2 protein chains.
Amino acid sequence: MSEPARLQRVPGDPTPGDPPAYDLIELFFFAYRDFVGDPDRILADYGFGRAHHRVLHFVDRQSGLTIAELLDILKITKQSLNRVLKELIEKGFVEVRTGTQDRRQRLLFTTAQGHELALRLARLQTRRIERALENGAPELREAAGRFLLAMIDPAERGEVMEILSGRTKEAAQ
Amino acid sequence: MSEPARLQRVPGDPTPGDPPAYDLIELFFFAYRDFVGDPDRILADYGFGRAHHRVLHFVDRQSGLTIAELLDILKITKQSLNRVLKELIEKGFVEVRTGTQDRRQRLLFTTAQGHELALRLARLQTRRIERALENGAPELREAAGRFLLAMIDPAERGEVMEILSGRTKEAAQ
DNA sequence: TGAGATATGTCAACAAGGCTGACTTAAAAC
DNA sequence: GTTTTAAGTCAGCCTTGTTGACATATCTCA
């Protein structure tokens, strides 16, 4: 509205002339809502919310990770994390052990109960994913993964790919 | 871990034996976070949040839609909607007109200013999408769209596809 | 025409889950 | 032995969701 028209497009430009990708924008919104909605119903039975789910998920996936590592993954403040983490510990879903090489660190683990819940929620989400892929070509799964990865900030991608490898951090204990 | 292995799978089964799709679960989480994070920074300049964005977006896309229609899309309570809608109206981003066939209804429209902001945010998100697709095969876009649509509850898909068509509702005025 | 249904608006209170800022403690590092 | 680091905590605030109750205007239908 206020910017002068340009005749050439510089690569990496805002490209205000392109029509917005309304379809993908809206699909992403609705799909994500349903995707996180599945676990919500189960979590409510335990008095947990989405924040608990995220913590439980990454603790289960990266057994033995520290508070600092978890904060880095979730990108929330330690005060926010502490509120939900405390509840997960009190209710016996997460366990804390003092680090051995560095005794200032707290290493986080899921308990048997915590692991079961994390797995149950992951399977629920997996079921939705499998149903989404079952009528597609076999390449659809790989395409979905490549698209989602490419949607992530380039600067974060390295870290995300490390997380995806799901390496446990138990070496510390 | 504790369940006996089964040799056959019933279609539509929980399939607890399948390994969870941790990669897609986590990619979806990180990708969506970055996707909605872009607009957040701009919205903060206006004193708006994500809730305002969603309202502004769908009002802009479905010019003339009613409160009831908007509530149905967003799936929040009218009290929640009203709080953000009121602010969008007060600040001159959304305009309300009384319905003509049914004068109980309120038809929602973006103002020029509101349309500009909606477009700016949509373009920002489109840029991320385009960058995600630019190094992929031309089929990647279509695959992403099909995957996301299939992730939505089947019962909702019809409604979502109507929304995607972006038909304006101005006939009423 | 009058009763009831419908669309919207509003008040009050509450909960989840983010945030900032300030401060403590224990352990490691130098 | 001082400084830095990892974690925990207190207090208060914001956004955005919730429930429940009730008001108003308008439409529908017997």
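None of the values given here were measured: they were computed from a predicted structure. Each chain gets a letter, A, B and so on, in the order its sequence line appears, and its residues count up from 1.
At a cut-off of 3.5 angstrom, counting only N and O atoms as typed in the model, there is a donor on one side and an acceptor on the other between the side-chain of A:K78 and the base of D:dG8. Side-chain to base pairing of B:R106 with C:dG9: no donor and acceptor N or O lie closer than 3.5 Å to each other. One N or O donor and one acceptor, one from the side chain of A:Q79 and one from the base of C:dG21, sit under 3.5 Å apart.
Within the nucleic acid shown, B:R83 comes within 4.0 Å of at least one base atom, counting heavy atoms only.
One interatomic measurement links the two molecules: CD of A:Q101 to P of C:dA27, which rounds to 15 Å at whole-angstrom precision. Nucleotide D:dG17 holds its P atom 13 Å from the CG atom of A:D40, rounded to whole Å. Distance, B:Y46 OH to D:dC14 P: 23 Å, rounded to whole Å. Per the geometry, CZ belonging to A:R54 stands 8 Å off C1' belonging to C:dG17, to the nearest Å. As rounded to whole Å, 6 Å separates atom P of D:dT9 from atom CG of A:N82. Atom CD of B:E90 is separated from atom P of C:dG9 by 13 Å (rounded to the nearest Å). In this structure, B:I76 places its CD1 atom 13 Å from P of C:dG9, rounding to the nearest Å. The distance from atom CG of B:L70 to atom P of C:dA7 is 15 Å, rounded to the nearest whole Å.
Ring geometry, B:H53 versus B:H57: the interplanar angle exceeds 60°, so the pair is classed perpendicular (tilted spans 30 to 60°). Between A:F28 and A:F147, the two ring planes are tilted [angle within 30° to 60°]. In this pair, A:F58 and B:F30 present their aromatic rings tilted. The plane angle is within the 30 to 60° band.
In this structure, B:R61 forms a cation-pi arrangement with A:Y22, its terminal cationic atom sitting closer than 6.0 Å to the ring centre and no more than 45° off the ring axis. Both tests pass for A:R97 against the ring of A:F109: distance under 6.0 Å to the centre and angle within 45° of the axis.
A residue-by-residue look at A:D102 and B:E87 shows that A:D102 has its nearest nucleotide of DNA chain D further toward the 5' end.
The phosphate of C:dG17 has OP1 or OP2 within less than 4.0 Å of a side-chain N or O from A:H52. Phosphate contact (OP1/OP2 of D:dT16, side-chain N/O of B:S80, threshold under 4.0 Å): absent. Between B:T77 and D:dG17 there is no side-chain polar atom (N or O) within less than 4.0 angstrom of OP1 or OP2.
Which of C:dC19, C:dG21, D:dG8 sits closest to the side chain of A:I67 comes down to D:dG8. Distance from the side chain of B:R104 is smallest to D:dT26 among D:dA11, D:dT26, C:dA26. Out of C:dC19, D:dA7, C:dT8, the shortest distance to the side chain of A:T66 is found at D:dA7.
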